[in-house]
Structure formats: structure tokens, C-alpha cells
Number of protein chains: 2
Amino acid sequence: MNTNYDDFEHPEVTVDLVIFTVNEEKLKALLIKRAEMPYANIWSIPGGFLKKDESLDNAAIRVMKEKTGVKEVYLEQLYTFGRPERDPRMRVITVTYFALIPWTSLIPPESSKVTDLAWLAVDELPELAFDHREILEYATQRLRTKASYSNIVYGLLPAHFRLSDLQNIYEIIIARDLDKRNFRKRMLATGLLQETGRKEITGAHRPAMLYKFKKREFVLLD
Amino acid sequence: MNTNYDDFEHPEVTVDLVIFTVNEEKLKALLIKRAEMPYANIWSIPGGFLKKDESLDNAAIRVMKEKTGVKEVYLEQLYTFGRPERDPRMRVITVTYFALIPWTSLIPPESSKVTDLAWLAVDELPELAFDHREILEYATQRLRTKASYSNIVYGLLPAHFRLSDLQNIYEIIIARDLDKRNFRKRMLATGLLQETGRKEITGAHRPAMLYKFKKREFVLLD
DNA sequence: CCAAAAGTGTTATTGATACACCCATGC
DNA sequence: GCATGGGTGTATCAATAACACTTTTGG
């Protein structure tokens, strides 16, 4: 390491989050309308400055708590962006995370009447502040890729769900229809699912078996 | 974003690299023996402070140039580590990269007579400074995973190589023997390889066809 | 002619895909 | 009794895994 500190300056470090959910048959991300310059009134992804003595993961957890009412979340570091001109005010390095939360855990759903927080569909995005579009597209890509070979979609589902809910989430994320019989066969064959015996009682049709994932890795908030 | 700067401090940002090569049938990483406290005389991975107006990628490229004589390198951002106590002197966030270079591109092989730079086998590591063991293990894991579903091992091979060289590299990385016929069949079936017609002329045996990868993604240094 | 690495095919198994009808329930 | 979503099996195809001998060369 170089110890000639004169050649260097300390950049700011922020942690920004791409928080996904699925609702109304769409993959959506939580966005915040900025109040101040630069990019006043432009949508941005939630974030905050890294605090002294706070780990990166804890900063991400803090931002999650500040912006959503959820109790647990699937959270994973995504990528670190640091183009010198990405913030016009000063040098800012941002460590980004992506998070998955089930729509059903949002309290109240479509939280309160704040107009500066919104869940927007990732394929119908408005202009975004800074390099947040690049970040969001990178996160979306990662989610799509990872969903195809792992079971992280549990982060988008409530604890108990029907196989048709699970299939629905997959179809929305990978933007392709799946065959019902093959899907169910494959999912049950993984051994990751467990019947929970109970049956839900919604509409005028046969009630479905509810399942849960045997293992889920969440970060607990509080 | 929070604009109350009093709660925050600017951490240092460094870029650290795990530089891999394969030599003597082993996966090795480039390490540097630290001269100064803390961790004086302890091995560490190469790195440096991020400079003003320098992108993260460019910082990684700069460190590569400083420590190796190679002209091109496979380079990919790995993960960002930021535990508050990871450096006893001050708060340091490190953005890590992993790099792959072919042993044959090192000039001179086992560069010069410096004793503070060494290529050490990743499964026989000494004590490492800071959290560098964690970083190196994370990088090794990522290399192993990625090698199993992509063709990034081209970064460890010279431009022209024999199929047996390629198989050898894979076997070293995934630490498992592969069937020669299946391996060759599968590799040729990908369509990523191209015969280069020429035949090498080493020992007392049938000369091998040399191949090259049709596409390789390198960062060029200089 | 011997040593050393290059090169080459077939069979069995496993996983992925395509595809259509009956079931349980509420109204 | 009808509308709604729940639930099930088989046949084909593609990919993977197991397995052993002949060829070309230098010395």
C-alpha cells in the first residue's frame, strides 16, 4: 500500500439499495423522489452515507429499516460503483445491495400517503438520478440470472405459499411462461419445499396445498 | 440521502487485487510481504489507495501494472469489504478485484530477485495481513464457481494452447480429474475454440493441435 | 521398438421438454 | 351445473457420464 497520502483524497462512501418486490404481476423496485439538488424531483434508489463504525451490511440494513416496515429481508451485496463523475458534487463511491421482500410484508401495502416513495415496475422506469438506472439494470439482471439457478425467490414470497404463487413469481422474473406440470415436478424434486398441510380458502375453487421453503437465508431487522 | 455530514466520516477507499495464475500444477496468488506496521513482514495481497479522479477499474489496472509485467489481464470486480476494524489504523473500505494471468506471460517468470513478491499456492497459505485470507478465499471460491460454467480460464492460458493444457487448468482449479474424451467433446462442442493449425514440437510424442479462444475479454494495460 | 502424450466412439443414464385431462370447491 | 384454479403421468429428446484402445512422434 502507498503511504503518500498527498496523492489521495478520501471519497465519500454511500450504500444504495435496489429493493425488489413483485406486485400486480410486475417486478417492481422501491424508488424515492429526491427533494434536493442535484436531481431534485427525480427518482432515485434509497441509500445513505456509511457511518463511522458501521459495517457495509449494517448500513444496508439501516437503510432498509428506514424505508420499509419489513422484519426480515433477503439482502446481498451487488457491486460497487465509483466513476469519478457519478455525483456532480463530490467523489462518491457507492456500495450497492439488492434486497427482496414479499409484497405481503409491506405494512401498510403501498406504504402510507407519502408521494415521494413509490414501487415502480422495472421495465417502465422514469428518468433516474445519478447512475441509478445503470445500478438498477445491473440488479435486475443479477436477480434474473440468480433466480434461474437458485431458490432466492423465497425472498419475494410469504412464508407459506401455493405452488402456483411460486410459479407466478418465476414467470414474472424470467419473463417467460412455464409448464405447470414440469415446474411442479422440478420444484418438488429439489427437496427444498415442505408441505405445511394447511389449505387456503380463497375463491370458488379447490383449495391449494401450502408450502414453505425448508431453508431461507434472511437478514433480520431488529 | 442524509445530508447531516456530522454523523459521518470519510473512510479511506483502497483497491486490493487477488491475482491468480497456475504454475507447477497449482493455483497460485501473487502476495507481497509487508514492510511496515501493522502486519510488518506478513504477506498481503497487492493493493493501493484509490486516487482522486480515478475510477475503481482504473485503480485496479494501475495496481496490476505496478506489480506485474503483463500486457493484458482478465479483471473482474469481486466484492467490497468494510468491517470497521479490518484495518487497525483507520477506517478502510476495500473494493477487491480478481485477476487471471497466464504464467507464461510473466517476465521474467518468478519476477526478478525481489523477495517481497511471491506466488504462493492458495491451498498452502501462510498467515495473511488484515482480512486478506477471507478475501483470498472468497476469490478462490468465485474462480472455482465461475470456471464451472464459463470460459474465463482463458485468462490463465497463453493465446495458443493444447486441449491437454486446457484440461489441466480446469482440473487444477476444480480439484478433480476429468475424462479426456468427454472433456474434448464438450469443449469443441461449445464452438468457442478455434484450431490454429500449427503444431507444437516439444517432446518425444505426437505433436498436439493448438487452439485459441475465439473470444476473450481482457483489460489491456497501456 | 519403446516411451509419451495425442487423439478418437459407443452405450447407459439422467435430466429437460412437450403435452391434456380430471378434481374439489363456491356460488 | 358451471366457473375457477388445483392437481396429476408419460413419451421423447438432449446432455452427461462411463469406459479403452490406436496413432504419431523422438530417441
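The chains referred to below are lettered A, B, ... by the order of the sequence lines, with proteins before strands, and numbering in each begins at 1.
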Restricting both atoms to N or O, compile the protein contacts to nucleotides 20-23 of chain C shorter than 3.5 Å, with distance only.
residue : atom : partner  : partner atom : Å
C/dA20  : N1   : A/Arg181 : NH1          : 3.4

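- Atom CG in B/Asp165 sits roughly 15 Å away from atom C1' in C/dG7 (whole-Å rounding).
- Both B/Ala208 and A/Lys185 lie near DNA chain C, and the one whose nearest nucleotide falls closer to the 5' end is B/Ala208.
- Under the 30°/60° scheme for interplanar angles, the aromatic rings of B/Phe183 and B/Tyr170 are found to stand perpendicular.
- Residues A/Leu163 and B/Asp179 both approach DNA chain D. Their nearest nucleotides, taken by heavy-atom distance, put A/Leu163 toward the 5′ side.
- Heavy-atom nearest nucleotides on DNA chain D were determined for A/Asn182 and for A/Pro207, and the one closer to the 5' end corresponds to A/Pro207.
- When all heavy atoms of B/Leu30 and B/Pro46 are compared, the pair lying nearest together is O-CD, 3.3 Å.
- When rounded to the nearest whole Å, the span between CG of B/Leu166 and C1' of C/dG7 equals 15 Å.
- The separation between A/Leu178 atom CG and C/dA16 atom P is 13 Å, rounded to whole Å.
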Which donor-acceptor pairs under 3.5 Å do the side chains of residues 134-141 of chain A make with protein atoms, sequence neighbours left out?
residue  : atom : partner  : partner atom : Å
A/Thr140 : OG1  : A/Leu136 : O            : 2.7

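- Ring geometry, A/Tyr74 versus A/Phe98: the interplanar angle falls from 30° to 60°, so the pair is classed tilted.
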Starting from the C-alpha separation in whole Å, work towards a yes-or-no answer on ring-ring contact (aromatic ring centres under 6.0 Å, His included) for B/Tyr149 and A/Tyr149.
-> CA-CA 12 Å; B/Tyr149 70 86; A/Tyr149 69 86; 7.1 Å; no
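- Scanning DNA chain D 5' to 3' for nucleotides with an atom closer than 4.0 angstrom to a non-hydrogen atom of chain B gives a first and last hit of D/dA17 to D/dG26.
- Note on B/Ser164: every side-chain N or O is 4.0 Å or more away from OP1 and OP2 of C/dA5.
- Not a single donor-acceptor pair under 3.5 Å links the side chain of A/Tyr97 to the backbone N or O of A/Val15.
- Using the six-membered ring where Trp is involved, A/Phe161 and A/Phe213 have ring planes that are tilted, between 30° and 60° apart.
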Go through the steps to decide whether A/Phe81 and A/Phe130 satisfy the test ring-ring contact (aromatic ring centres under 6.0 Å, His included), and finish with yes or no.
-> CA-CA 11 Å; A/Phe81 294 83; A/Phe130 307 106; over 10 Å; no
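- Side chain of B/Thr96 to main chain of B/Tyr79: a donor-acceptor pair is present (N/O by atom type, distance under 3.5 Å, no hydrogens or angles).
- For B/Phe183 and C/dG7, the CZ to P distance is 13 Å, given to the nearest whole Å.
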